[in-house]
Amino acid sequence: MKLRSVLSVGTAALLCVGVGCKKDEAKSDDKAATEVAPKATDIKADPIKTAATEVATTPTESAPTEPAPTASAISKGLAEEGNNPKLVELVAAFETCKLSAKNLTYECRDAVKPFNAAVDKVADVPTLFNFLDDPKPHVRVAAAIAISNFMLMQKAEGREFGDRLVAVAARETEASVASLLGPSILQGDFKNAEYLAAVKSLAETHALEEMRAGVIDNLPVQDWDTFFPFLKERLAKDKSPMVREAIMSSFYTSASKAGACDFFAENLADADAKVAAKAAYNIVWTSDACMAKYDDFLAEFDARVKASKANFSYLNSTMYFAQTEKSTDEQKAKFFGMLKTIVEDTSLGGMDRSSALKTIGKYDPEGKKYAKKFTGDSERFLADEAKRIVSGK
């Protein structure tokens, strides 16, 4: 089955309503070279192949909201003939997981360990993809965690099911499952033009923001020329704060790419503070790749300080400026001066002020001397941080 047909039907299916019907770790910029293999021969023919009608995937400013007919799954899920009976037995333990948990892999840890231990990473690939077709979300959770944990989409056995994966993602209606599928989708074969187009369609049109944010997470490293303009457009058009933050976060390894630093600087004053913080982060932590934008960053930082809007989250994203090697002495002095303004701004919360003091104590040559002023401060967080700095801890 062609990815284009599968995705079109899946996109229609995801629009049904009701329950059941979302750093700094380095990610590789390398592109996997394994080509998508033909569809596995032991999988049943897709019952929707002949009945499907094309659904438009034209970019829109917001996710589709009108319901559409539900498409049939490719397999019978848990009941599909040929599934590994041991995995069928073990998947029942996932029913105790709370699907509302923020970290499902951790929430389901007692079920994940024996299930993953029983998985044969070659022989059981068809079983796992059959599980993704099951109507019960707990079954799909088990499969999604295993496929991601074993990085099956980077292996030839997994890439035989690239069309199945994007079809599943297109019709997924459970937010908790959608949040698990992104990592596996991003491990797929982006050298395959149809797979690449399918992922773009998911990022543009999927009704769940968890899915759109998940598949965006690491797109820039897949194909810069394709995804840089695509993500710039999505940042402007998508209304979801979750998705917009994911877009800006996705560029954290991209500062050396053409146009990236300009793009970050253009978004330093975004109305969403989290997007603005990620834009600033992309400038200041990148081994000086965006040094030409340091003055732009400092100007925006100063504006936020004067408006008492340089909060704990923003400071955590921008503290890396203290470690830049090619910033000038004048730029560093401005930065530490603004941090001191935050420390002394009693209208801010204790965590905000202590965060600024922590950076001063760690990187400013005069930090310990400055911290002594606050060891007896009435704000507990600030006083405790000052004591740690003075004691050398």
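Residues take their numbers from the sequence shown, with the count starting at 1. Since the model is a prediction, treat every value here as computed from it, not as a measurement.
- Connectivity analysis of hydrophobic side chains (ILVMFWY, heavy atoms under 4.5 Å, direct or indirect) links F381 to F312, M351.
- When each of D288, T324, T328 is paired with Y294, the side-chain hydrogen bond (donor to acceptor under 3.5 Å, both in side chains) condition holds for D288 and for no other.
- Listed by chain and residue number, nothing satisfies the salt bridge (charged side-chain N to carboxylate O under 4.0 Å, His left out) test with K200 (two or more places apart in sequence, or in another chain).
- One distance of note links NZ of K136 with CD of E174; it measures 14.5 Å at 0.5 Å rounding.
- Looking only at side-chain heavy atoms (C-beta outward), L132 and L165 come within less than 4.5 Å of each other.
- No more than 12 heavy-atom neighbours from other residues, nucleotides or ligands sit within 6.0 angstrom of NZ on K334.
- The side-chain contact (heavy atoms from CB on, under 4.5 Å) test with M211 is passed by exactly one of V177, L181, V243: L181.
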Can you list the steps and then say if H138 with L99 is a side-chain contact (heavy atoms from CB on, under 4.5 Å)?
-> CA-CA 8 Å; H138 291 89; L99 296 182; 3.9 Å; yes
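- In terms of hydrophobic clustering, with Ile, Leu, Val, Met, Phe, Trp and Tyr side chains grouped at heavy-atom distances under 4.5 Å, F190 and W224 are assigned to a common cluster.
- Partner of F251 under the ring pair (Phe, Tyr, Trp, His ring centres under 6.0 Å) criterion, out of Y281, F263, W285: F263 alone.
- For the atom pair CG (D110) and CD (E107), the distance works out to 9.0 Å, reported to the nearest 0.5 Å.
- Residue pairs satisfying the salt bridge (Lys or Arg N to Asp or Glu O under 4.0 Å) criterion with at least one member in residues 298-317, sequence neighbours excluded, are listed as follows: E300-R304, D302-K306.
- Judged as a ring pair (Phe, Tyr, Trp, His ring centres under 6.0 Å), the pairs with a partner in residues 82-126 (not counting sequence neighbours) are, in order, F94-F115.
- N130 and R164 form a side-chain donor-acceptor contact under 3.5 Å, judged by distance and modelled atom types alone.
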Could you go step by step and tell me if V168 and R171 meet the side-chain contact (heavy atoms from CB on, under 4.5 Å) rule?
-> CA-CA 6 Å; V168 163; R171 64 177 178 261; 3.6 Å; yes
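- Here the CD1-CG distance, from I247 to L235, works out to 5.0 Å after rounding to the nearest 0.5 Å.
- One finds the CD1 atom of I185 at 11.5 Å from the CG atom of D217 (value rounded to the nearest 0.5 Å).
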Please report the C-alpha distance between Y314 and N311 in whole Å, then the side-chain angles of each, then the deciding distance to 0.1 Å, and finally whether the side-chain contact (heavy atoms from CB on, under 4.5 Å) criterion is met.
-> CA-CA 5 Å; Y314 189 84; N311 61 15; 3.4 Å; yes
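- Looking only at side-chain heavy atoms (C-beta outward), L180 and S148 stay at 4.5 Å or farther from each other.
- The local environment of CG in D329 is sparse, with at most 12 non-hydrogen atoms from other residues, nucleotides or ligands closer than 6.0 Å.
- Geometrically, K340 engages Y370 in a cation-pi contact defined by less than 6.0 Å to the ring centre and at most 45° from the axis.
- For the side chain to side chain contact (heavy atoms under 4.5 Å, CB included) test, residues two or more places apart in sequence or in another chain that qualify with K86 are N84, E89, L90, A118.
- Take D270 and apply the salt bridge (charged side-chain N to carboxylate O under 4.0 Å, His left out) test, not counting sequence neighbours, and it matches R244.
- Going from atom OG of S354 over to atom CD1 of I342 covers 11.0 Å, rounded to the nearest 0.5 Å.
- Taking the charged nitrogens against the carboxylate oxygens, K293 and D262 do have a contact shorter than 4.0 Å, which makes a salt bridge.
- By the 4.0 Å N-to-carboxylate-O rule, E209 lies too far from R212 to be salt-bridged with it.
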